[in-house]
2 protein chains.
Amino acid sequence: METTVKAENILKSNGLRKTQIRLEMLQIFMDSKHALSVNDIEKDLKSSHDRVTIYRALNSFEENGILHQTPDPNGNMRYAICSDSCPEHVHQDKHAHFICEECNQTYCLEDVKIPDVQLENGYQLNSISYTMNGICKECQLN
Amino acid sequence: METTVKAENILKSNGLRKTQIRLEMLQIFMDSKHALSVNDIEKDLKSSHDRVTIYRALNSFEENGILHQTPDPNGNMRYAICSDSCPEHVHQDKHAHFICEECNQTYCLEDVKIPDVQLENGYQLNSISYTMNGICKECQLN
DNA sequence: ATGCAAAAGCAATCTTTTTGCGTTTATTTG
DNA sequence: CAAATAAACGCAAAAAGATTGCTTTTGCAT
């Protein structure tokens with residue numbers, strides 16, 4: 001995998017250092033159609049790294065609004081890159097997710113907007129997550 | 001806490017045995033407005049029990065369609081009772097959830113139906129989860 | 001009352017995630 | 001370009017969540 005200039009820019013514009021693993025991680029996210037677990041990332045990395053390093057990078061990315069988190073239905077945390085620039089800490093998922101029960105992948109459906117519902121008075125709404133579960137295209141064919 | 005006849009019936013109608021802890025657990029769920037984590041349940045139980053027992057009871061309840069699961073934003077699994085009878089294993093959350101960022105409680109909004117979206121062809125949709133995050137009524141007041 | 005399968009309890013293990021701390025290294029600055 | 005410094009890394013340890021195997025207990029049907 002070749003790390004792009006874009007990965008560099010993301011790091012630079014967030015005041016983060018340009019290290020090999022962080023460049024690689026960002027590239028992995030940019031190349032992925034779906035949200036990744038820590039295990040996914042560990043597998044995708046060329047050279048082996050301490051899981052702690054991965055965790056800390058993910059946290060840093062998340063705090064800087066580069067990634068957002070969503071737990072999959074099993075409660076495992078997954079991460080995906082924020083295509084539209086997310087305000088730090090107040091990330092609002094604007095699009096729906098689809099999680100395949102076969103391959104366990106989480107797809108970001110960038111073009112599927114989350115519909116609103118009527119919320120009782122007294123609640124302060126900060127963000128919404130809309131997640132569909134089922135079988136994805138690819139797994140459907142097998 | 002007093003276990004009701006209803007808890008008994010739930011167990012009986014699912015071919016499960018009437019044990020003290022399972023009765024208590026069901027009662028806790030029926031008395032709760034929000035989804036509970038394993039820790040919540042452990043705290044709410046009168047007498048102390050092995051966590052394994054709690055896990056196994058939860059799994060059994062979930063397999064029988066008595067409870068449904070949703071992970072909270074931290075990826076911790078939470079459980080809530082199915083008010084409408086859920087077909088086993090194929091539970092479809094019909095209602096939205098609200099998770100308070102302050103008290104971390106997951107509220108089941110029984111009367112808020114999940115709106116549909118247009119899903120690209122080729123996907124098989126099994127269930128949808130709709131989760132709002134923000135501050136709940138109670139926390140709003142403090 | 002007896003027998004059997006379900007459920008409970010205990011120990012052990014596994015996975016995921018976090019924390020502390022010493023070392024390395026990218027980047028800034030003189 | 002060398003020195004300084006704070007960020008990031010790597011290792012060890014441990015906390016937290018969840019599962020598994022096995023033995024004992026117990027609810028319930030016969």
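Values below: all heavy atoms of this structure, side chains included; hydrogens, waters and symmetry mates excluded. By convention in this document, chain letters (A, B, ...) are assigned in the order of the sequence lines, proteins followed by strands, and residues within each chain are numbered from 1.
Residue-environment remark: NZ (Lys113(A)) exceeds the threshold of 12 foreign heavy atoms within 6.0 Å.
Note: CG (Leu58(A)) to C1' (dT18(C)) measures 14 Å, nearest angstrom. Counting to the nearest Å, the P atom of dA6(C) and the CD1 atom of Ile21(B) are 18 Å from each other. Atom CG in Leu11(B) sits roughly 15 Å away from atom P in dA6(C) (whole-Å rounding). When the P atom of dC14(C) is taken as reference, atom CG of Asn76(A) falls 18 Å away, rounded to whole Å. Atom CD in Gln20(B) sits about 17 Å away from atom C1' in dA6(C), given to the nearest Å. Between the CG atom of Asp50(B) and the C1' atom of dA11(C) there is a distance of 10 Å, given to the nearest Å. Note: CG (Asp72(B)) to C1' (dT17(C)) measures 14 Å, nearest angstrom. Rounded to whole Å, the distance from CZ on Arg51(B) to C1' on dA7(C) is 19 Å.
Between the side chain of Gln140(A) and the backbone N or O of Gly122(B), at least one donor-acceptor pair lies under 3.5 Å. No side-chain donor-acceptor contact under 3.5 Å links Ser32(A) to the backbone of Ile28(A). The backbone N or O of Val38(A) lies less than 3.5 Å from no partner atom in the side chain of Tyr55(A), so there is not a single donor-acceptor pair. The backbone N or O of Leu23(A) sits nowhere less than 3.5 Å from a side-chain atom of Glu8(A) that would complete a donor-acceptor pair.
Here chain A contacts DNA chain D (any atom closer than 4.0 Å to a heavy atom, that is under 4.0 Å), and the contacts span dA6(D) to dA12(D) from 5' to 3'.
Contact between Ala57(B) and Arg22(B) at its shortest, heavy atoms only, is CA-NH2, 3.8 Å. Listed here is the closest heavy atom pair of Pro71(A) and Asp72(B): CG-O, 3.5 Å.
A residue-by-residue look at Tyr55(B) and Arg22(A) shows that Arg22(A) has its nearest nucleotide of DNA chain D further toward the 5' end.
With respect to Leu26(B), the side chain to side chain contact (heavy atoms under 4.5 Å, CB included) criterion is satisfied by exactly one of Leu11(B), Asp31(B), Ile21(B): Leu11(B).
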Sequence-aligned protein contact record of nucleotides 19-30 of chain C, with B where the base is within under 4.0 Å of a protein heavy atom and S where only the sugar-phosphate is: BB----BBS---
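Arg51(B) and Asn39(B) are linked by a side-chain donor-acceptor pair at a separation below 3.5 angstrom, with hydrogens and angles left out of the test.
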